Amino acid sequence: MEEQRAELQEELERVERRIATTEAELESLLKGGTDGAGRDPADVGSSNFERDQEVSLAANVKEMAEQLHLAISRFDDGEYGLCEVCGQPIGKGRLQVFPRATLCVTCKQREERR
């Protein structure tokens, strides 16, 4: 279990570094401006697309960091590895593949059907 927590902590550190990098890239794109005055419309469209993609990536990485924080806090509370919905063990295989999991396979499948 300690190995699993260490892995979660390492992944969180990697994700936080990605957040910093992504935010720096996004800031650089935003400083480039989007007014388009005197710029080719294709260049403006390309810049807007790139900016939107970076915003989406930043949101995804931040969500991953939140999931990692939750998994670590559940670990510290002694609830790691238990399904948030039914309270049953999540399963070693699922946690090895997806250490941020908070739902067992059955509850996750139910959630995805909704």
Side-chain angles (χ1 to χ4, degrees):
M1 287 297 275
E2 279 302 315
E3 184 178 309
Q4 190 72 26
R5 188 184 191 295
E7 188 176 313
L8 288 168
Q9 190 64 46
E10 288 174 18
E11 187 175 353
L12 178 60
E13 291 168 7
R14 282 193 301 272
V15 167
E16 287 176 340
R17 284 192 299 271
R18 273 182 54 194
I19 289 172
T21 301
T22 304
E23 286 179 344
E25 290 172 2
L26 184 57
E27 185 177 327
S28 173
L29 286 172
L30 292 175
K31 283 183 180 177
T34 58
D35 60 359
R39 293 174 54 196
D40 183 271
D43 290 340
V44 172
S46 179
S47 295
N48 289 343
F49 176 79
E50 189 175 347
R51 183 195 66 234
D52 292 345
Q53 193 138 4
E54 285 297 322
V55 168
S56 178
L57 286 172
N60 289 343
V61 174
K62 286 181 180 181
E63 182 178 334
M64 188 182 300
E66 289 174 17
Q67 291 173 352
L68 285 164
H69 280 289
L70 176 63
I72 291 170
S73 71
R74 287 180 56 84
F75 194 101
D76 293 341
D77 294 340
E79 297 174 358
Y80 182 77
L82 299 177
C83 179
E84 285 183 326
V85 175
C86 68
Q88 296 297 313
I90 292 174
K92 184 178 180 180
R94 177 161 167 75
L95 289 173
Q96 285 177 332
V97 173
F98 189 66
R100 300 181 312 271
T102 59
L103 300 176
C104 67
V105 173
T106 304
C107 290
K108 184 63 177 174
Q109 288 173 338
R110 237 182 259 135
E111 178 186 83
E112 289 177 350
R113 279 190 226 130
R114 292 182 189 165

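All figures in this text were calculated on a predicted structure; none of them were measured in a lab. This chain uses plain numbering: 1 for the first residue, then up along the sequence.
- Sorted by first and then second residue, the pairs that involve residues 84-99 and meet side chain to side chain donor-acceptor pair (under 3.5 Å), not counting sequence neighbours, are Glu84-Thr102.
- For the atom pair CD1 (Ile72) and CG (Leu8), the distance works out to 5.5 Å, reported to the nearest 0.5 Å.
- Pairing each heavy atom of Phe75 with each of Tyr80, the nearest pair is CA-CB, 3.3 Å.
- Listed here is the closest heavy atom pair of Arg74 and Cys83: NH2-C, 4.3 Å.
- The CE atom of Met64 sits 11.5 Å away from the CD atom of Glu66 when rounded to the nearest 0.5 Å.
- Thr21 places a side-chain N or O within donor-acceptor distance of the main-chain N or O of Arg17, the cut-off being under 3.5 Å.
- Every side chain to side chain contact (heavy atoms under 4.5 Å, CB included) that Glu10 has, sequence neighbours left out, goes to Arg14.
- Between Ile90 and Cys104, the closest heavy-atom pair is CG1-N, 4.0 Å.
- Chaining together hydrophobic side chains whose heavy atoms lie under 4.5 Å apart places Val85 alongside Leu103.
- The side chain to side chain contact (heavy atoms under 4.5 Å, CB included) check on Gln67 picks up Glu63, Phe98, Arg100, with sequence neighbours excluded.
- The distance from the CD atom of Glu16 to the NZ atom of Lys62 is 12.0 Å, given to the nearest 0.5 Å.
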Please tabulate, for the side chains in residues 106-114, all donor-acceptor contacts under 3.5 angstrom to protein atoms that are two or more places apart in sequence or on a different chain.
from: Lys108; atom 1: NZ; to: Glu111; atom 2: OE1; distance (Å): 3.0

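- Under the side chain to side chain contact (heavy atoms under 4.5 Å, CB included) criterion, Val61 pairs with Val15, Arg18, Ile19, not counting sequence neighbours.
- Linking Ile, Leu, Val, Met, Phe, Trp and Tyr whenever their side-chain heavy atoms come within less than 4.5 Å leaves Leu82 and Leu68 in two separate clusters.
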